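What follows is a short report on a single structure.
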Amino acid sequence: MRAFTRGDVDAVFAYRQRDDVAAYLFDEPMSRETCAEIVQVRTTQVGWQDEGDRLVLAVERRADHAMLGEVSLILRNQVARQGEIGYILHPQYQGAGFATEAVRALIGQGFGEGGLHRIFARCTARNSASYRLMERVGMRREAHFREHVLVRGVWDDELIYALLEDEWTTLANNQPA
Ligand SMILES: CC(C)(COP(=O)(O)OP(=O)(O)OC[C@H]1O[C@@H](n2cnc3c(N)ncnc32)[C@H](O)[C@@H]1OP(=O)(O)O)[C@@H](O)C(=O)NCCC(=O)NCCS
């Protein structure tokens with residue numbers, strides 16, 4: 001994972017323009033112009049100071065530096081140290097465990113230097129790839145809200161998954177050496 005640079009616009013456009021990537025996101029498929037704008041903002045989203053600040057990182061394959069997608073961690077509550085995680089991979093790079101690896105690393109960073117107490121994530125109940133990912137990294141399903149979100153005019157169920165810092169420590173201690 002690394003900070004975004006201005007050279008990432010085409011790689012971001014490659015996945016953000018796609019209907020299949022946007023299917024369960026609040027954002028519509030994006031134009032190249034919009035991608036250029038969000039990449040510009042992301043070059044500055046490298047840490048937190050205030051509630052609502054976002055850390056947004058590019059996910060790169062170590063072997064060839066291919067840009068695979070993005071992960072984010074938003075400081076939702078500064079006093080209670082609550083963070084929300086998000087993730088998007090280009091479909092070309094899905095199904096190989098890259099998102100799992102990146103999300104684990106970001107959770108470690110959130111509880112480590114980020115000092116968070118609880119990290120949560122949410123998705124529509126139809127996004128099985130997303131909740132399978134949350135379950136793989138050890139997050140617990142905390143809620144299933146019925147018709148809680150309106151996605152492109154359609155009521156949708158929303159799932160909330162979460163992990164506490166001590167649960168993460170227990171998981172880390174139980175990993176095979
Ligand atoms: C959510 C999303 C990032 C998940 O991507 P993914 O490729 O399924 O996740 P990973 O990269 O961790 O790969 C895991 C898959 O690869 C398989 N895999 C292969 N090798 C693996 C490895 N070494 N480690 C872990 N998983 C591996 C897993 O079995 C899993 O497949 P399965 O779910 O069919 O069992 C992806 O679907 C996406 O970008 N969707 C569009 C954007 C989106 O909806 N984001 C979430 C909004 S809430």
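First listed ligand is number 1; within each ligand, the first listed atom is number 1. Being a predicted model, the structure only gives us computed values, none of them experimental.
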What I'd like to find out is whether the side chain of Asp50 reaches to under 4.5 Å of the side chain of Leu75, using heavy atoms alone. no
Between Leu164 and His117, is there a side-chain heavy-atom distance shorter than 4.5 Å? yes
Value for CD1 (Ile119) from CE (Met139), rounded to nearest 0.5 Å, stands at 7.0 Å
If you define the side chain from C-beta out and look only at heavy atoms, does anything of Phe4 sit under 4.5 Å from Gln45? no
Below 3.5 Å, N or O to N or O, backbone or side chain included: is there any such pair between Ile88 and ligand 1? no
Answer yes or no on whether Arg126 is positioned over the face of Tyr24, meaning its NZ or CZ is under 6.0 Å from the six-membered ring centre and within 45° of the axis. no
May I ask you to check if ligand 1 and Asn127 share an N or O to N or O distance below 3.5 Å? yes
Can you tell me which portion of Ala96 lies within the under-4.0 Å heavy-atom range of ligand 1? Options are side chain, backbone, both, or neither. backbone
Quick test: of every protein heavy atom, which one is nearest to atom 25 (C) of ligand 1, and how far off is it to 0.1 Å? Gly97 CA, 3.5 Å
Taking the minimum heavy-atom distance to atom 37 (O) of ligand 1, which of Ala121, Ala129, Cys123 ranks first? Ala129
Non-hydrogen side-chain atoms of Leu116 and Trp168 separated by less than 4.5 Å: no
Ligand 1 atoms nearer than 4.0 angstrom to some heavy atom of Arg122 are 48 (S)
Would you mind checking which non-hydrogen protein atom is closest to atom 31 (O) of ligand 1, with the distance to 0.1 Å? Arg136 NH1, 4.4 Å
For Ala99 and ligand 1, does the shortest N/O to N/O distance drop below 3.5 Å? yes
Side chains of Leu159 and Arg122 in contact at under 4.5 Å (non-hydrogen atoms): no
Where does Leu25 meet ligand 1, judged by heavy-atom distances below 4.0 Å: at the side chain, the backbone, both, or neither? side chain
About how many Å separate CZ of Phe120 and CZ of Arg140, when rounded to the nearest 0.5 Å? 13.0 Å
If you measure every N or O of Asp20 against every N or O of ligand 1, does any of those distances drop under 3.5 Å? no
Considering both backbone and side-chain atoms of Val21, is one of its nitrogen or oxygen atoms within less than 3.5 Å of a nitrogen or oxygen in ligand 1? no
Atom 39 (O) of ligand 1: the protein heavy-atom neighbour that sits closest, reported with distance to 0.1 Å: Leu89 N, 2.8 Å
Could you tell me whether some N/O pair between Gln94 and ligand 1 is separated by less than 3.5 angstrom? yes
Closest to atom 7 (O) of ligand 1 (heavy atoms only, candidates Ala22, Gly95, Ala23) is Gly95
Do Leu73 and Gln109 come close enough that some side-chain heavy atom pair is under 4.5 Å? no
Atom 12 (O) of ligand 1: closest protein heavy atom, distance to 0.1 Å, is Thr100 OG1, 2.4 Å
Going by heavy-atom distance to atom 34 (O) of ligand 1, choose the closest among Arg18, Glu101, Arg132. Arg132
Do Asn77 and Val79 come close enough that some side-chain heavy atom pair is under 4.5 Å? yes
Return yes when His90 approaches ligand 1 closer than 4.0 angstrom through a heavy atom, no otherwise. no
Taking distance alone, with N or O pairs closer than 3.5 Å, would you say Tyr87 contacts ligand 1? yes
Nearest atoms (heavy-atom pairs only) where Ala102 meets Val71: CB-CG1, 4.0 Å
Using protein heavy atoms only, decide if any is under 4.0 Å from atom 29 (O) of ligand 1. no
Compare all side-chain heavy atoms of Val56 with those of Val41 and state whether any distance is below 4.5 angstrom. no
